[in-house]
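So the structure is just underneath, and the comments pick up after that.
Both ligands and their constituent atoms are indexed starting at 1 by order of listing.
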Amino acid sequence: MPKQLRCGRHQLDLSYPRVMGILNVTPDSFSDGGRHNALDEAVRHAETMLAEGAAIIDIGGESTRPGATPVPLQEELDRVLPVVERLVNELDALVSLDTSRGEVMHEAASRGAGMINDVRSLRWPGALEAAAMSGLPVCVMHMLGEPTDMQRAPHYEVPIEEAVATFLEKRIAECEAAGVRRDQLVLDPGFGFGKRVEHNLRLLNRMQPLTEFGLPVLAGMSRKSMIGKVLARPVEERLPGGLALATMAVERGARIVRVHDVGPTVDAVNMTWAVLQEGTDA
Ligand code: 7PJ
């Protein structure tokens, strides 16, 4: 696995697990309810996450919550670009862009974004080309269907971990063919994207083989409904469950965990890593 990712002006050290902080700039985001919609508030929230130890700030302007419909391009650009600019210029942050649109990737990259995070794995027209042009690392994620329909009785013909591995293998090849360097890819099993709770639990438990692609693995389970379903907790009470999942993801080989609650997750991940490293010289 590459131990360093070149992210534009930034270098991301992945010799130990890192935390990606979620910055939603959508009015109807998964769990922030649009509270970070105002530009100043978004910048302040990012600043707090960086102080808590986030290595990456993941900016999302399109809600991908189950059932959400895509926002118009101009609206997405208007939401995310001012935030990218301020985080890059004022905080010198390593910014990742959670987007499926080539135009957004291109504009964000030209403003100093350092990573592309596409839940649709560059399958929208123009995305592959824009990502390749940017030269930035890309997180490719498994998703069955689209956010509008993905939670409508997801069904798999093969065990979930096989379906995910097969999908990612194909996407790696397609990205490489389009000029995205293999060592610039990050893989994500896509928890909650076209998966029932049993799929999510099994996928986490059997995630280790995904590391055998030799690429960094990213896991995002923060506040997701798999926690809500298992523990019967509303979204604002899912942190303990989320810490357990982040811990397990790192134990199963994830090198980036994408979360809302950065401070507590950094501690959980660092504690887990200390145990995993005992006895090594690292
Ligand atoms: C993920 C994401 C994820 C990656 C979202 C939410 C839903 N990007 N964007 N992985 N989830 N790479 O945060 O609850 O799991 S949006």
So Val217 and Val186, side chain to side chain contact (heavy atoms under 4.5 Å, CB included) or not? Walk me through it.
CA-CA 6 Å; Val217 171; Val186 173; over 6 Å; no
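- Counting the atoms of ligand 1 from 1 in the order shown, those under 4.0 Å from a heavy atom of Cys139 are 12 (N).
- Nearest residue to atom 15 (O) of ligand 1 from Met20, Lys224, Met143 is Lys224 (criterion: closest heavy atom).
- Geometrically, ligand 1 and Asp188 share a nitrogen or oxygen pair separated by less than 3.5 Å.
- Under the 4.0 Å criterion applied to side-chain N and carboxylate O atoms, Asp183 and Arg6 are not assigned as salt-bridge partners.
- Residue contacts with ligand 1 for Leu218 involve side-chain atoms from C-beta outward but no N, CA, C or O (heavy atoms, distance under 4.0 Å).
- Heavy-atom proximity to Val119, at under 4.0 Å, picks out these atoms of ligand 1: 2 (C), 8 (N), 9 (N).
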I would like to know whether Gln184 and Leu136 meet side chain to side chain contact (heavy atoms under 4.5 Å, CB included); could you show each step before the answer?
CA-CA 7 Å; Gln184 290 286 79; Leu136 298 177; 5.5 Å; no
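- Under a 4.0 angstrom heavy-atom cut-off, Gly190 registers as lying outside contact with ligand 1.
- Other residues, nucleotides and ligands contribute at most 12 non-hydrogen atoms within 6.0 Å of the CE atom of Met133.
- Ligand 1 has a nitrogen or oxygen under 3.5 angstrom from a nitrogen or oxygen of Asp98.
- At a threshold of 4.0 Å, the pair Arg123-Asp118 does not count as salt-bridged, since none of the basic side-chain nitrogens sits closer than that to a carboxylate oxygen.
- Of all the listed residues (Glu62, Arg223, Arg258), Arg258 holds the heavy atom that lies closest to atom 2 (C) of ligand 1.
- The aromatic rings of Phe167 and His142 sit perpendicular, their planes meeting at an angle over 60°, well past the 30° parallel limit.
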>> Before you tell me yes or no, could you show the steps for Leu201 and Met226 under side chain to side chain contact (heavy atoms under 4.5 Å, CB included), namely the whole-Å CA-CA distance, both residues' side-chain angles and the distance that decides it to 0.1 Å?
In response: CA-CA 8 Å; Leu201 299 176; Met226 61 189 288; 4.0 Å; yes
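- For ligand 1, the atoms closer than 4.0 angstrom to any heavy atom of Met141 are 3 (C), 4 (C), 10 (N).
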